[in-house]
Every structure is written in structure tokens, then in C-alpha cells.
Amino acid sequence: MKLVVATSNPGKLRELQQYLADLDWELVLKPQELEVEETGDTFLANARLKASSVAIATNNWAIADDSGLQVDALNGAPGVYSARYAATDSERITRLLKELGDETNRNAQFACAIAFARPDGTIALESEGICKGEILQEARGNHGFGYDPVFYVPQKQLTFAEMTTEVKRSISHRGKALTGLLSQLKQIKPEKNYLTQ
């Protein structure tokens with residue numbers, strides 16, 4: 001059965017394929033021209049919106065995630081606007097560090113919500129995950145993307161950008177959300193238009 005991933009990002013598709021490798025789903029990217037405006041005020045609202053819209057448009061099961069960085073001293077910003085905080089990753093990091101300035105409370109968390117929609121757009125499953133950390137004064141590491149170089153996880157003594165893929169996957173917000181979803185997904189037998197458990 002086909003599962004449409006509500007993203008145009010091949011990297012995100014590959015990441016999902018690694019998690020869902022043991023299941024009977026053929027993952028494909030959403031059509032390039034199909035854009036869904038993220039109008040929700042929470043990550044879960046946006047994930048539901050994207051999964052539902054893509055499922056209806058393609059008449060297939062669809063999976064979507066929405067994630068971002070929430071910084072305590074900035075009242076949870078950038079939050080759902082994480083990707084729209086500036087034009088590029090480096091500009092987003094520059095803006096974040098500038099807004100934090102000399103703030104001593106650098107606590108933050110990455111949050112991820114995932115929604116899984118039936119072909120008729122109804123939400124079949126959803127899951128959320130959080131990874132707590134701190135924002136460093138300067139970037140460290142060359143892996144990952146987005147805010148990874150300044151997001152430091154004390155228990156690992158590394159930023160996301162310094163971690164191997166395996167380590168990051170085991171503790172990340174997306175990893176936790178997908179792990180939560182996987183246990184539920186195994187109950188689903190992908191039939192044409194119905195959820196059977």
C-alpha cells in the first residue's frame with residue numbers, strides 16, 4: 001500500500017523509510033505542486049492539517065509531521081514558526097542567538113507531532129515527542145540541519161549537529177514521536193479505504 005509523506009523533502013522521506021522499513025508501506029513524496037498552508041497554532045494541528053489534506057488530494061493514506069524549537073526565555077518561540085523564523089538555517093540561528101542575547105535561562109525543547117490520515121482525510125493515528133536541551137552561545141557540529149548546531153543535549157554532552165544519525169534518532173523529538181506511532185501502526189492492516197485493527 002502506498003503511503004504519501006506530506007513533504008517535498010527527500011531527506012525526511014529517507015528518515016521515515018528507516019523507521020517504517022519493517023512495515024508493508026511504499027512511501028512516496030507528496031506531489032510537488034500540492035502545497036498545504038500551515039495555519040494551525042500547534043504542531044499537532046499542523047500535522048493533522050497536512051496529513052488530512054494530502055490524503056484527500058491523493059486518495060491515499062498519508063503521514064505528516066510538524067516540528068520545531070520552543071525556547072523558554074522566548075515564551076516558546078519560535079515554535080510553529082521555527083521554519084519561517086528567517087530565510088536560511090544560518091539566518092534562523094543568528095536571529096535566535098541575537099534574541100536570546102546574554103539570557104542565562106537557555107532551556108529549550110524540540111517538539112514533534114505526527115499524524116497519519118486515511119484516504120478520506122480522517123485522522124487514524126497521531127503521536128508526539130519532545131527532546132529537552134539548551135541553546136548554546138555558538139554553533140557546534142556539522143551534521144543535521146535547522147537549529148541542530150546550537151541545540152545541546154546535556155545527557156549526551158553533544159549538540160544535535162555533533163551526534164551520529166543513530167544517537168540523534170534514539171533521543172530526538174521526531175524519533176520519540178515515530179516510535180510512539182510505530183507501536184500503533186503495527187495494528188493497522190492497510191486496506192483500500194478502511195482502518196482494520
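Quick note: residue numbers are just sequence positions, from 1. The shown structure was predicted, so the numbers you read here are calculated from the model rather than taken from an experiment.
Applying the side chain to side chain donor-acceptor pair (under 3.5 Å) criterion to Asp72, with sequence neighbours excluded, gives no partner residue. With sequence neighbours excluded, the residues forming a side chain to side chain contact (heavy atoms under 4.5 Å, CB included) with Thr42 are Leu44, Ala45, listed by chain and number. Partners of Gln18 by side chain to side chain donor-acceptor pair (under 3.5 Å), not counting sequence neighbours, listed by chain and number: Arg169. The ring-ring contact (aromatic ring centres under 6.0 Å, His included) check on Tyr147 picks up nothing, with sequence neighbours excluded. Residues that satisfy the side chain to side chain donor-acceptor pair (under 3.5 Å) test with Lys176, not counting sequence neighbours, are absent from this structure. Partners of Ala161 under the side chain to side chain contact (heavy atoms under 4.5 Å, CB included) rule, at least two apart in sequence or in another chain, are Asp148, Pro149, Thr159.
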Please table the atom pairs, donor to acceptor, closer than 3.5 Å between any side-chain atom in residues 26-37 and protein atoms at least two apart or in another chain.
residue: Lys30; atom: NZ; partner: Ser8; partner atom: OG; Å: 3.0
residue: Lys30; atom: NZ; partner: Leu34; partner atom: O; Å: 2.6

Side-chain donor-acceptor contacts of residues 91-98 below 3.5 Å, not counting sequence neighbours, with atom names and distances?
residue: Glu91; atom: OE1; partner: Ala87; partner atom: N; Å: 3.4
residue: Arg92; atom: NH1; partner: Ala83; partner atom: O; Å: 2.9
residue: Arg92; atom: NH1; partner: Ala86; partner atom: O; Å: 2.6
residue: Arg92; atom: NH2; partner: Asp89; partner atom: OD1; Å: 2.8
residue: Thr94; atom: OG1; partner: Ser90; partner atom: O; Å: 2.8
residue: Arg95; atom: NE; partner: Glu99; partner atom: OE2; Å: 2.8
residue: Arg95; atom: NH1; partner: Tyr85; partner atom: O; Å: 2.7
residue: Arg95; atom: NH2; partner: Glu99; partner atom: OE2; Å: 3.4

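Cluster partners of Phe43 are Val80, Tyr81, counting Ile, Leu, Val, Met, Phe, Trp and Tyr whose side-chain heavy atoms approach within less than 4.5 Å, directly or via other members. Through side-chain heavy atoms spaced under 4.5 Å, either directly or across other Ile, Leu, Val, Met, Phe, Trp or Tyr residues, Phe145 is tied to no other residue.
A salt bridge (charged side-chain N to carboxylate O under 4.0 Å, His left out) check over residues 58-68, counting only residues at least two apart or in different chains, returns the pairs Lys12-Asp65, Lys50-Asp66, Asp65-Arg174. Pairs engaging residues 130-145 under the salt bridge (charged side-chain N to carboxylate O under 4.0 Å, His left out) rule: Arg140-Glu162 [sequence neighbours left out].
With a 4.5 Å cut-off on side-chain heavy atoms, Leu20 and Trp25 do not count as touching.
Between Tyr152 and Phe160, the ring center distance fails the sub-6.0 Å criterion.
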